[in-house]
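Below, chain A is the first sequence line, B the second, and so on; all start at residue 1. Worth knowing before you read on, the calculation uses all heavy atoms, side chains too, and leaves out hydrogens, waters and symmetry mates.
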Amino acid sequence: MSEKLVKEIPSKKDDISKWYISVIRKADLVDYAPVKGMMVIKPAGYAIWENIQKILDREFKKTGHQNAYFPLLIPESLLNKEAEHVEGFSPEVAWVTLGGNEELEERLAIRPTSESIICSMYSKWIMSWRDLPVLINQWVNVLRWEKVTRPFLRTTEFLWQEGHTAHRDKEDAMEETLRIINIYKNFIENSLAIPVIMGKKSDKERFAGAVETYTVEALMPDGKALQAGTSHYLGDNFSKAFDIKYEDKDNTLKYVHQTSWGVSTRLIGGLVLTHGDDNGLIIPPKVAPVQVIIIPISKGNWKESVLPVAKTVKERLENVNIRVNLDDREEYTPGWKFSEWEMRGVPLRIEIGPKDIEKAQVVLVSRIDREKRFVSLNSLEDSVKTFLDDIQKNLFEKAKKFRDEHTKSSDNLDEFKEYMKEGRGFIKAPWCGEEACELKIKEETTATIRTIGEKAKEGDRCIVCGKPAKYIPFFAKSY
RNA sequence: CGGGGCGUGGCGCAGCCUGGAUAGCGCACCUGCCUUGGGAGCAGGGGGUCGGUGGUUCAAAUCCACUCGCCCCGACCA
């Protein structure tokens with residue numbers, strides 16, 4: 001696997017940024033659009049998103065959520081209602097000021113997130129404790145005027161799902177917040193094969209308007225952390241700002257407690273960075289639009305001998321719901337096709353040639369390391385399923401090994417700085433809980449608290465100020 | 001938003017410094033022959049006006065100004 005066949009892709013190790021751009025474009029996931037910072041998600045990329053949606057949406061529905069759709073445009077007066085929220089988002093909001101040729105009386109924000117417009121509706125809809133909880137999600141686009149963009153990882157417009165729920169009290173809302181962050185963790189680890197650490201954000205890193213932000217953070221191969229999903233407990237901040245009250249069993253009016261949560265197309269960027277190699281993309285089987293590519297070895301009278309078998313193999317796999325393609329194009333050689341489908345990230349390849357026909361077998365080849373399994377046609381379906389499962393598992397194990405090897409502990413600031421300079425990665429270090437110390441670390445290393453981690457033990461001292469530590473956060477540079 | 005780099009057929013680049021004739025190369029594409037178990041070979045062919053605008057000049061891909069976009073580092077950012 002060391003030899004590099006696709007020479008147009010720069011080495012991942014040498015220059016991960018160039019590698020990333022090169023891979024997503026050669027694998028045909030994305031193209032640049034005419035507007036700065038905006039991208040076209042092409043069919044190969046969008047199909048991954050559809051698979052992400054399918055799996056997550058099922059989880060949301062299973063836990064009682066329903067989908068709805070709220071408008072793209074938000075009146076300025078609504079956006080301004082929750083003070084902290086406005087402050088957090090106003091630098092990156094795009095505005096509509098004209099309707100046709102008429103200047104609008106009130107500017108309309110293109111949603112950067114939908115808390116405000118959804119809360120304005122909730123205040124109309126929620127009257128009684130019997131109306132609660134409200135569990136609504138929407139799959140939509142949002143717009144944020146980002147200064148620096150990179151396809152999938154940070155774009156001006158992106159696709160996401162945003163869940164917005166309302167509950168009777170803190171306990172119920174907090175339970176929801178945690179339920180969702182666990183759904184995210186399980187999905188990202190099991191389906192995307194990306195290990196994450198789950199935890200709370202510090203006050204400084206918290207979502208604008210939230211009481212508590214829970215996050216799942218993944219470590220990318222360059223040692224930087226990627227925020228993969230967040231789930232916020234909003235308390236009654238928004239219900240007070242938007243006047244969302246219900247009459248409880250005890251005949252008193254109470255404010256609802258809310259949550260909001262989301263994951264975005266950024267997950268695709270994380271998937272590419274985590275699993276790809278110098279031959280291109282590797283898509284985990286569970287979300288791969290094409291899980292198996294069949295390449296007939298076009299030799300001699302292959303159209304009469306090999307091709308019919310290849311077609312049968314395809315049908316048999318389709319019958320057990322495996323997403324499979326047959327590349328029977330005549331104009332390309334098998335070797336060319338191997339490289340091409342590897343670059344596109346198809347996790348498993350089936351080769352069928354004259355030799356295999358004689359032996360009533362096919363050759364299965366893993367995208368990860370080109371491990372070959374020669375399997376009997378009789379056991380085709382089971383062999384393929386097993387191999388796909390193995391690939392899914394191996395991708396996760398590989399990523400987890402990397403993550404663990406790049407997670408260090410330190411209780412000494414100089415050592416901390418050394419670690420950050422060299423390999424980067426997660427560093428666990430005791431912290432007193434003060435923002436001043438958090439800022440100092442950021443100034444000196446550019447690392448931020450990704451999650452505040454577990455509670456510190458008796459005797460742990462803050463790595464910056466030396467006072468008793470409250471937590472052992474995970475620090476890292478971030479995307 | 002600050003510093004740096006780059007925009008030339010679909011992609012990757014050369015040419016620019018030191019202005020001058022038909023803008024060149026590799027890949028991709030089209031036609032034909034021949035091949036096919038790791039990106040085959042030969043022959044023929046099509047396609048660009050040099051990111052945009054303005055200027056200097058007899059003459060601009062090349063010099064100057066402005067502008068748009070992309071990439072990297074930083075700041076900012078859920």
Query raised in the report: Are A:Lys42 and A:Asp28 close enough for a salt bridge, meaning some N to O gap below 4.0 Å?
Result: yes
Query raised in the report: Can any side-chain N or O of A:Thr63 pair as donor or acceptor with the backbone N or O of A:Glu59 at less than 3.5 Å?
Result: yes
Requested in this report: Check whether any side-chain nitrogen or oxygen of A:Arg150 sits under 4.0 Å from OP1 or OP2 of B:C70, and answer yes or no.
Outcome: no
Query - Whole-Å P distance, B:U62 and B:U57 - result: 16 Å
Requested in this report: Report the C-alpha separation of A:Ser202 and A:Glu438 in whole Å, then their side-chain angles, then the decisive distance to 0.1 Å, and conclude whether the side-chain hydrogen bond (donor to acceptor under 3.5 Å, both in side chains) test is met.
Outcome: CA-CA 9 Å; A:Ser202 67; A:Glu438 184 181 5; 2.5 Å; yes
Query raised in the report: Is NZ or CZ of A:Arg373 both nearer than 6.0 Å to the six-membered ring centre of A:Phe387 and within 45° of the ring axis?
Result: yes
Requested in this report: May I ask you to say what A:Pro112 touches in the nucleic acid, namely base, sugar-phosphate or nothing, with a heavy-atom cut-off under 4.0 Å?
Outcome: base
Query raised in the report: Going through the checks in order, is the side-chain contact (heavy atoms from CB on, under 4.5 Å) test met by A:Arg450 and A:Gln227?
Result: CA-CA 8 Å; A:Arg450 305 318 302 161; A:Gln227 181 174 303; 3.9 Å; yes
List, with names and distances, any nitrogen or oxygen atoms from the protein found under 3.5 Å away from nitrogen or oxygen atoms belonging to nucleotides 34-36 of chain B.
from  : atom 1 : to       : atom 2 : distance (Å)
B:U36 : O2'    : A:Ser298 : O      : 2.7
B:U36 : N1     : A:Ser298 : O      : 3.2
B:U36 : O2     : A:Ser298 : OG     : 3.1

Query raised in the report: Salt bridge check: are A:Asp277 and A:Arg367 linked by an N-O gap of less than 4.0 Å?
Result: yes
Query raised in the report: In Å and rounded to the nearest 0.5 Å, what is the CD1 to OG1 distance from A:Ile282 to A:Thr274?
Result: 11.0 Å
Report task. For nucleotides B:G24 and B:G47, find the distance between their P atoms and express it as a whole number of Å. Result -> 13 Å
Close N/O contacts between protein and nucleotides 42-44 of chain B (under 3.5 Å):
none

Query raised in the report: Is A:Thr215 touching bases, backbone alone, or none of the nucleic acid, heavy atoms closer than 4.0 Å?
Result: nothing
Query raised in the report: If you measure from the C1' atom in B:G39 to the same atom in B:G69, how many Å do you get, rounded?
Result: 32 Å
**Report entry** Nucleotide B:C11, atom C1' - distance to CD of A:Glu340 in whole Å
**Finding:** 13 Å
Report summary line: Taken to the nearest whole Å, NZ/A:Lys337 to C1'/B:A40 is 14 Å
Report task. Take atom CD1 of A:Ile357 and atom P of B:G37, then tell me their distance rounded to the nearest Å. Result -> 16 Å
Requested in this report: Give a yes or no on whether a salt bridge exists between A:Lys337 and A:Glu340, defined as a side-chain N under 4.0 angstrom from a carboxylate O.
Outcome: no
Query raised in the report: Is A:Arg266 touching bases, backbone alone, or none of the nucleic acid, heavy atoms closer than 4.0 Å?
Result: nothing
Report task. Under 4.0 Å between any heavy atoms, over every strand shown, what does A:Asp356 touch: base, sugar-phosphate, or nothing? Just pick one. Result -> base
Report task. Pick base, sugar-phosphate or nothing for A:Trp261, based on heavy-atom distances below 4.0 Å to the nucleic acid. Result -> nothing
Requested in this report: Using a 4.0 Å heavy-atom cut-off across all strands, classify A:Lys355 as base, sugar-phosphate, or nothing.
Outcome: base
Report summary line: A:Arg25 atom CZ is separated from B:C27 atom P, nearest whole Å, by 21 Å
Query raised in the report: Hey, are A:Lys201 and A:Glu212 close enough for a salt bridge, meaning a charged N less than 4.0 Å from a carboxylate O?
Result: no
Would you tabulate the nitrogen or oxygen pairs shorter than 3.5 Å linking the protein to nucleotides 2-10 of chain B?
none

Query raised in the report: Distance between the P atoms of B:A59 and B:G19, in whole angstroms?
Result: 15 Å
Query raised in the report: Can a salt bridge be assigned to the pair A:Glu342 and A:Arg349 using a cut-off of 4.0 Å between side-chain N and carboxylate O?
Result: yes
Query raised in the report: Using a cut-off of less than 4.0 Å, is there contact between a side-chain N or O of A:Lys442 and OP1 or OP2 of B:C76?
Result: yes
Query raised in the report: So what does A:Gly37 hit on the nucleic acid, given a heavy-atom distance under 4.0 Å: a base, only sugar-phosphate, or nothing?
Result: sugar-phosphate
Requested in this report: Using the C1' atoms only, state how far B:G46 lies from B:G5, rounded to an integer number of Å.
Outcome: 34 Å
Query - Distance in angstrom units between A:Leu307 CG and B:G37 P, rounded - result: 17 Å
Query raised in the report: Is the distance from OP1 or OP2 of B:C72 to the nearest side-chain N or O of A:Ser17 less than 4.0 Å?
Result: yes
Report summary line: Symbol by symbol from the 5' end, with Watson-Crick or G-U pairs under 3.5 Å, [ ] crossing and | another strand, RNA chain B is ((((((((.[[[[.)....(...]]]].(((((.......))))).....[[[[[..)....]]]]])))))))....
Query raised in the report: Which class fits the ring pair A:Phe158 and A:Trp160: parallel under 30°, tilted 30 to 60°, perpendicular over 60°?
Result: perpendicular
Query raised in the report: Using a cut-off of 4.0 Å on non-hydrogen atoms, how would the nucleic acid contact of A:Tyr32 be classed: base, sugar-phosphate, or nothing?
Result: sugar-phosphate
Report summary line: side chain to side chain donor-acceptor pair (under 3.5 Å) filter on A:Lys417, not counting sequence neighbours, yields A:Glu444
**Report entry** Separation of A:Leu307 CG from A:Ile352 CD1 (nearest 0.5 Å)
**Finding:** 9.0 Å
Report summary line: RNA chain B nearest-nucleotide lookup for A:Glu92 and A:Phe374: closer to the 5′ end is A:Phe374
Query raised in the report: Between B:G37, B:G38, B:G39, which nucleotide has the shortest distance from any of its atoms to the side chain of A:Glu342?
Result: B:G38
N/O donor to acceptor pairs below 3.5 angstrom from side-chain atoms of residues 75-82 of chain A, sequence neighbours left out:
from    : atom 1 : to       : atom 2 : distance (Å)
A:Glu76 : OE1    : A:Arg107 : NE     : 3.2
A:Glu76 : OE2    : A:Arg107 : NH2    : 2.8
A:Ser77 : OG     : A:Glu106 : OE2    : 2.7
A:Asn80 : ND2    : A:Glu76  : O      : 3.4
A:Glu82 : OE1    : A:Glu84  : N      : 3.2
A:Glu82 : OE1    : A:His85  : N      : 2.8

Query - Donor-acceptor pair (no angle test) under 3.5 Å: A:Arg154 side chain, B:C77 base - result: yes
Requested in this report: Could you state the atom-to-atom distance from CD1 of A:Ile293 to P of B:G39 in whole Å?
Outcome: 18 Å
Query - Working for salt bridge (charged side-chain N to carboxylate O under 4.0 Å, His left out), residues A:Glu418 and A:Lys421 - result: CA-CA 5 Å; A:Glu418 240 359 81; A:Lys421 223 181 283 172; 3.7 Å; yes
Query raised in the report: How far, in whole Å, is B:A61 from B:A14 if one measures between their C1' atoms?
Result: 12 Å
Requested in this report: Rounded to whole angstrom, note down the C1' distance from B:C16 over to B:A60.
Outcome: 10 Å
Requested in this report: With the side chain of A:Lys147 defined as its heavy atoms from C-beta on, choose the nearest nucleotide among B:C77, B:G38, B:C1.
Outcome: B:C1
Report summary line: Between A:Asp15 and A:Gly262, the residue closer to the 5' end of RNA chain B by nearest nucleotide is A:Asp15
Query raised in the report: Run the salt bridge (charged side-chain N to carboxylate O under 4.0 Å, His left out) check on A:Asp31 and A:Arg25 step by step: do they pass?
Result: CA-CA 7 Å; A:Asp31 199 358; A:Arg25 300 213 54 197; 2.8 Å; yes
Requested in this report: Give A:Pro34 one of three labels, base, sugar-phosphate or nothing, depending on what nucleic acid heavy atoms sit under 4.0 Å from its own.
Outcome: nothing
Requested in this report: May I ask you to say whether A:Lys359 pairs ionically with A:Asp356, meaning some side-chain N is under 4.0 Å from a carboxylate O?
Outcome: no
Query - B:C63 and B:U56, which share atom name C1', separated by this distance in whole Å - result: 8 Å
Requested in this report: Give a yes/no answer on whether the side chain of A:Lys26 brings an N or O atom under 4.0 Å of OP1 or OP2 in B:C11.
Outcome: no
